Structure formats: C-alpha cells, structure tokens
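Excluded from the calculations below are hydrogen atoms, water molecules and symmetry mates; all remaining heavy atoms, backbone and side chain alike, are included. In this text the structure is predicted, and so the values were computed from the model without any measurement.
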Amino acid sequence: MASASHTPRLKWSERTLIGVPYAWLLVFFALPFLIVLKISVSEMETVVFKDLITWSDGVLRLQLKLSNYLFITQDDLYFKTYLASLKYAAITTAFCLLVGYPFAYFMARASSAVQPALLMMVMLPFWTSFLLRVYAWKGLLSEGGWVATALNALHVDQALMAFGVIPGPGAYLNTSFSLVLGMVYTYLPFMILPLYANLSKMDMRLLEAASDLGSTPWVAFWKVTVPLSKAGIVAGSMLVFIPCVGEFVIPELLGGPSTLMIGRVLWDEFFANNDWPMASSVAVVMILLIIVPLAWFNKAQADAQEGSR
C-alpha cells in the first residue's frame with residue numbers, strides 16, 4: 001500500500017518569520033522602486049505628473065514616455081558616468097579586499113581576549129558622522145595636511161604622477177586618488193566584518209590536516225582558507241561595490257571634474273535641472289546595472305551548489 005506524500009505545512013510562527021523580510025523588501029524597496037519607475041515614464045507638467053492611464057470617450061489609453069531612456073543611450077555623458085561609477089566601485093572593492101582580508105584573517109586568528117578590542121577598532125569610525133569623516137580628508141590631503149606631507153616625504157606623489165593618478169606634485173585633492181582613498185577608508189569596515197565572521201568560524205583542523213599531508217602554510221592558505229572564506233569575500237564585495245556605484249558625498253567632496261560619477265549626475269537632474277522623469281530614468285538604469293548582474297551571480301552560485309551535491 002503506497003503512502004501518500006505530502007508537503008509539511010509551515011507553522012504560523014515560521015510563516016511570520018519568513019514573511020517579515022519579504023514585507024520589509026516590498027514596502028521599502030519594491031514600492032519605492034515602482035514609484036521611481038512610474039515617474040521615469042511619466043510626462044512632467046510644472047510640478048505634477050500626467051496620469052499614465054487615462055479614460056476618455058470610452059477609450060482606455062496607456063501613455064509611457066520612453067524618450068528619457070533613449071536619450072540615456074544616445075548621450076555619451078551618461079555612458080561615461082555609468083562606466084566611471086562601475087570602474088571606481090570595482091577599484092574600491094579590490095583595494096578593500098586586499099586590505100581587509102589580511103586584517104580579518106589576523107582578527108580571526110588572534111586570541112579571544114584581543115578579538116573584542118580589534119572588532120571595536122573596526123567599528124570605531126561609525127561613532128563619528130560619515131560626512132565629518134569624509135570632510136576631514138580634505139584637510140589631511142590638502143597642502144600642509146599631515147597625510148599630504150607624509151606622502152610627499154615618501155615621494156608617493158612621484159609614483160602617482162607616473163601612473164597618471166594625480167596631475168602634479170602634492171596635488172592629491174580632487175583626483176581619482178583622493179576619491180578612491182576616501183571610498184576605501186569609508187567602506188573598508190563593510191569588507192572586514194563579513195570576512196571576520198566567516199574566518200572566525202572556520203574549522204582549524206582542516207589546516208592541521210593539510211599540514212599533515214605535506215602542504216606548506218602558503219599552499220594551505222590558498223587551497224583551504226581562501227575557498228572556505230568565499231562566502232565572506234562575496235558578501236563583503238557586494239556590501240562595498242553596491243553603495244559605491246551610487247556614491248555621491250565622497251565624489252562631491254574628494255573627487256573632481258575628471259571623476260564624475262552617476263550619483264552627481266543624478267543629483268543635478270533632480271535638483272539643478274528639476275527634471276524628475278530624467279533623474280528617475282537614470283536611477284532605474286543604475287539599479288538595473290546592479291541588480292541584473294547580482295541576480296545572475298546568485299543564480300550561478302545556486303546552480304554550482306546544486307551541481308556539487
């Protein structure tokens with residue numbers, strides 16, 4: 001006699017726990033995104049928007065204004081700023097990983113008595129206003145600032161000039177160098193914390209087993225530690241890359257005309273040009289540039305995990 005299989009029903013508490021995150025995403029992401037999307041295809045009259053759906057003489061009309069999206073594809077300004085935003089976000093993510101991974105590794109391997117102090121050092125900058133911390137770099141990198149003086153004494157400016165990062169000796173402000181430095185400084189904790197959480201849970205017996213099998217510490221690091229910390233690397237990279245793409249404050253304070261990013265263009269469309277449909281179109285394209293690759297990456301990760309089972 002065959003037994004009928006059935007799918008177990010979730011309890012009310014389980015449904016609530018699952019539903020709360022979905023409700024949060026619906027209210028604070030999906031609905032605002034739909035509003036922005038609606039504005040991007042609307043016609044603006046002074047301070048109001050025309051209705052997308054109208055009913056007149058028994059005819060239902062749907063009017064979508066797509067000229068803003070066509071203009072984005074035709075104007076080089078938007079292409080260059082999107083490309084610059086992705087480029088600087090990728091560079092910032094790479095530098096945060098290079099600096100943050102050794103720090104997180106050291107934190108995870110430190111004694112339990114020292115780890116809280118190290119964790120506090122990482123989170124300490126959050127106790128100060130983000131705007132004040134970024135604005136302080138203007139004084140540190142300006143002529144006479146102690147960071148600029150130290151870099152000049154070490155002849156770092158000569159190396160940066162050779163790579164075309166700064167225009168002249170000691171000219172650190174309003175360059176790609178000051179922009180990347182400010183973003184790395186700001187978003188470095190977002191890379192360290194996920195890596196530390198991942199590395200601190202790693203089973204150290206795996207490294208002992210690799211050593212018993214003849215692996216050197218360097219080989220064991222690349223063959224064991226790095227693959228096991230892949231989830232932390234991905235999480236930290238996403239936490240850094242995504243906000244960097246739409247960053248506005250740091251490029252405005254530390255960047256220059258040569259480092260124009262999409263956040264500045266978005267601000268100008270909203271508040272300088274007062275063209276909300278165009279600004280909304282720029283925002284929608286920026287969101288799609290982030291969400292589509294992220295969704296593709298998550299699907300590839302899920303397929304890889306399913307295939308490894």
In this structure, are over 12 heavy atoms from other groups packed under 6.0 Å from [X] atom [atom1]?
| X | atom1 | result |
| --- | --- | --- |
| M121 | CE | no |
| F79 | CZ | no |
| E143 | CD | no |
| K38 | NZ | yes |

Checklist entry - In terms of the angle between their ring planes, are F49 and W276 parallel, tilted or perpendicular, with boundaries placed at 30° and 60°? => result tilted

Please table the atom pairs, donor to acceptor, closer than 3.5 Å between any side-chain atom in residues 105-120 and protein atoms at least two apart or in another chain.
unit_1 : atom_1 : unit_2 : atom_2 : d
Q115   : OE1    : Y196   : OH     : 2.9
Q115   : NE2    : M107   : O      : 3.2
Q115   : NE2    : A108   : O      : 3.3
Q115   : NE2    : A110   : O      : 3.0

Next on the checklist: Any side-chain to backbone donor/acceptor pair from S281 onto N68? Under 3.5 Å, distance only.
Outcome noted: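 The answer is no, because no donor-acceptor pair under 3.5 Å joins these two groups.
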
Item to check | Student check: side-chain heavy atoms of Y82 and I72 closer than 4.5 Å | outcome: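 Yes, side chains in contact.
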
Next on the checklist: Just so I know, are the side chains of L254 and N174 near enough to count as touching, which here means a heavy-atom distance under 4.5 Å?
Outcome noted: no

Checklist entry - Taking the six-membered ring for Trp, are F177 and F163 ring centroids under 6.0 Å apart? => result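 No; F163 has its ring centre 6.0 Å or more from that of F177.
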
Checklist entry - Hey, do the aromatic rings of F190 and F126 have their centres closer than 6.0 Å? => result yes

Item to check | Donor + acceptor pair across side chains of Y135, S129 (<3.5 Å) | outcome: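 Per modelled atom types, Y135 and S129 side chains form no pair under 3.5 Å.
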
Checklist entry - After noting the C-alpha distance and the side-chain angles of F103 and L195, does the key distance pass the side chain to side chain contact (heavy atoms under 4.5 Å, CB included) rule? => result CA-CA 9 Å; F103 197 93; L195 286 171; over 6 Å; no

Item to check | side-chain hydrogen bond (donor to acceptor under 3.5 Å, both in side chains) between Y187 and E247, intermediate numbers included | outcome: CA-CA 11 Å; Y187 291 103; E247 181 60 54; 2.4 Å; yes

Checklist entry - Which residues satisfy the side chain to side chain donor-acceptor pair (under 3.5 Å) test with S237, sequence neighbours excluded? => result none

